[in-house]
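Working notes, structure below.
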Amino acid sequence: MKRTTGKIFALTALSSLLLLASACGQSSGQSPSGSAGGSEPAGGNASYTDTYDPDALFQYGMTPAKDSETGKYGYKNPQGTWVIEPQYTFARDFQVNGTAFVRTGSNSDEFRLIDREGNFVSDYIFMRFFDELAFSANGIAVGTVCEADGTKLGTGYFYLEDGEIVFEPREEESFTAFSDDGYAVVDNKAVINDQFEYVIEPQEDYYLVQVSNGMVSFDFKNTPKGYSEYGYMDVEGNIVIRGLSSRGGPFADNGIAVVENQLIDKSGNVVFDVADSHYSTITSNFNNTDWVEVSSHLSSRGGTDFNFINAEGETFFPTDAYEHSHMDGSLAIKNGVYVGPAPVLKDDQGNITGIGGTEDYATVAVNEDMEILYVPYDKGIQDVSAYYSDGYAKAETQDEQRVIVDLEGNIVMEY
C-alpha cells in the first residue's frame with residue numbers, strides 16, 4: 001500500500017507547526033515491555049494464528065481479556081490460555097493489519113499500538129479524533145498522533161507500512177474514517193480515496209455526510225428557509241437520489257439503506273415501506289446483518305411488539321415478539337443467530353417446544369431455521385450479545401461475571 005507521503009518521523013512539512021503544537025496528556029503508570037524502547041514482551045503460553053475475520057470475536061486466535069487478580073488486560077485464545085499476558089490497563093481487538101490499540105497508563109484517551117506478540121509497533125501515542133481508534137478495511141486509521149514525549153504531531157490518517165507508521169496529516173476541521181470500499185469524507189465538502197486523492201473535489205453546494213458501498217449521503221445546503229432536502233450521490237459526484245425529507249442511513253452490502261422508515265435500493269426504489277405494515281418504525285440498519293428491526297409502540301399491552309425484516313420484506317419470527325421495556329435497535333440477528341425475547345410455544349407442563357404463538361414469550365437463542373439453540377436462563381447466563389462469525393458471544397453470569405459462550409450457551413471462559 002504505497003502512498004506519496006513521508007514516514008511520520010520525517011514530515012518536514014510539519015516542522016514549523018511542531019514548535020507550536022500542543023502536548024498530548026501524559027499517562028501515569030508503568031508501561032509494559034515492548035520492542036519500541038523496551039525489553040522482551042511478556043508473551044503467553046499459547047500462540048496467535050494467521051486467521052483474521054473482521055466479524056469474528058477471536059482475531060488471529062485471541063481476544064482481549066481482563067485478569068481478575070491484577071486487573072490488567074491481555075489476550076486469550078478460545079481455550080482460555082493467555083497468548084499475550086495481562087499487562088495493559090485496557091486492550092482492544094486486533095485488526096486487519098495485525099495490530100491492536102492498548103492503553104498502558106491511566107489516561108483513558110491515550111493508546112499505544114502493539115503487534116501480535118505484544119511488541120510495541122512504535123513509540124507514538126494515538127488519540128481518537130471523532131470516532132474510536134480503529135483501522136478501516138484498507139488498513140488506514142484516523143486520529144491524533146503524538147510523540148512519546150507528548151508532542152502533538154497533528155490529526156489525520158495513519159497506517160502501517162513496512163513495519164513503520166506513516167502519517168498523513170489533514171488541515172480540515174473534520175474527516176471521517178474510510179468506508180469498506182475505501183473512501184472518506186473530509187470537511188463535509190469533499191471525498192478522497194485511499195491514495196488521499198480527491199474523487200469529489202471540495203464544493204459548497206452540498207453537505208456531505210458519509211460514504212457507504214459507493215454511495216455518498218448528503219444534505220442540500222441551498223434550500224428555502226424551513227425546507228430540508230437530502231439525498232445520495234455516487235463517488236463521482238453524480239446525484240442519484242434526491243427529494244428525501246430526512247437524512248438516510250448507510251447502504252449495506254446488500255445494496256439497501258434505511259430511509260424515512262423505508263428500505264430503498266441504490267436507485268431510490270422502495271423495497272419495503274413500514275406504512276404498508278402494522279409496524280410503526282424501522283429501528284436499525286443493515287449493520288453486518290441481513291435483518292433490521294421493526295417495531296410498534298401501539299401495543300395494547302403497553303410495551304413494544306417487534307420483529308425483524310430482511311431486504312425482501314420477509315419477517316424473521318412467524319409472530320411478533322413482545323417486550324414491556326424494549327429499547328429500540330438494541331437487539332440484532334447476526335451470523336444467523338438471535339438472542340432475546342421471542343414468541344414461544346409451550347406444552348402443558350410449561351416447557352418451551354418451539355417458536356411462534358401469541359401468548360407466551362421467553363428469552364431464547366434461536367437460529368434462522370427457528371431452531372432453539374438454548375435458553376440463557378437454563379445456562380445460568382444473561383445479557384448475551386450478538387453472535388460473532390466464529391460462533392462465540394459475550395455474556396454475563398447471574399452474578400455478573402463477564403464470560404464468553406459458544407453456540408450452545410456453554411461458558412468457554414471468563415474475560
Side-chain angles (χ1 to χ4, degrees), residues 3-5 13-14 17 21-22 109 126-145 152-159 167-253 255-260 262 264 266-268 284-287 329:
R3 297 179 177 84
T4 56
T5 181
L14 286 180
L17 295 177
S22 60
D109 295 324
F126 304 94
M127 303 174 66
R128 67 187 295 268
F129 184 41
F130 285 117
D131 300 320
E132 295 296 333
L133 286 168
F135 288 98
S136 298
N138 58 10
I140 303 175
V142 59
T144 299
V145 182
K152 181 179 177 181
L153 297 179
T155 300
Y157 296 101
F158 59 92
Y159 58 95
F167 180 49
E168 178 74 19
R170 304 296 302 190
E171 296 180 357
E172 295 91 351
E173 293 184 359
S174 66
F175 33 91
T176 69
F178 278 90
S179 61
D180 286 346
D181 49 349
Y183 298 97
V185 173
V186 293
D187 234 10
N188 298 109
K189 297 179 180 180
V191 174
I192 59 173
N193 60 21
D194 61 7
Q195 300 297 312
F196 307 108
E197 302 166 335
Y198 288 118
V199 294
I200 297 179
E201 296 284 341
Q203 48 73 48
E204 299 294 337
D205 294 331
Y206 312 107
Y207 181 89
L208 309 185
V209 181
Q210 64 178 336
V211 187
S212 56
N213 281 286
M215 300 288 279
V216 186
S217 61
F218 69 94
D219 306 349
F220 283 90
K221 296 174 67 175
N222 301 317
T223 56
K225 186 176 181 180
Y227 177 78
S228 298
E229 184 180 0
Y230 306 87
Y232 293 89
M233 64 178 68
D234 61 27
V235 292
E236 295 179 351
N238 303 307
I239 295 178
V240 180
I241 301 171
R242 64 174 302 168
L244 304 176
S245 59
S246 63
R247 186 179 293 172
F251 273 91
D253 291 341
I256 303 297
V258 177
V259 181
E260 299 174 344
Q262 297 175 327
I264 66 169
K266 289 186 176 182
S267 297
S284 63
N285 291 310
F286 289 105
N287 181 22

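Remember, it's a predicted structure, so these values are computed and weren't measured experimentally. The figures that follow rest on heavy atoms only: side chains count, while hydrogens, waters and symmetry mates do not.
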Sequence neighbours left out, what passes ring pair (Phe, Tyr, Trp, His ring centres under 6.0 Å) with F218? Give chain and number order.
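Ring pair (Phe, Tyr, Trp, His ring centres under 6.0 Å) check on F218 returns Y206, F220.
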Sequence neighbours excluded, the answer for ring pair (Phe, Tyr, Trp, His ring centres under 6.0 Å) partners of F175 is F129, Y157
Would you call K221 and D205 a salt bridge, using N to O less than 4.0 angstrom?
no
Just one of F167, F196, F135, F178 clears the ring pair (Phe, Tyr, Trp, His ring centres under 6.0 Å) bar with F158, so which one?
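Single ring pair (Phe, Tyr, Trp, His ring centres under 6.0 Å) partner of F158 among F167, F196, F135, F178: F135.
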With rounding to the nearest 0.5 Å, note down the distance linking CD1 in I200 to CG in N193.
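So the CD1 of I200 and the CG of N193 are separated by 11.0 Å.
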Please check: side-chain N/O of [X] versus main-chain N/O of [Y], any donor-acceptor pairing under 3.5 Å?
X: N138; Y: G182; value: no
X: Q203; Y: K189; value: yes
X: N213; Y: A252; value: yes
X: K266; Y: F251; value: no
X: R170; Y: E172; value: no

Does the pair S179 and S212 meet the rule for a side chain to side chain donor-acceptor pair (under 3.5 Å), with working shown?
CA-CA 6 Å; S179 61; S212 56; over 6 Å; no
Check P250 against N285 and note the closest heavy-atom contact, atom names and distance.
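Looks like CD-ND2, 3.8 Å.
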Considering residues at least two apart in sequence or located in another chain, which fulfil the side chain to side chain contact (heavy atoms under 4.5 Å, CB included) criterion with E173?
D187
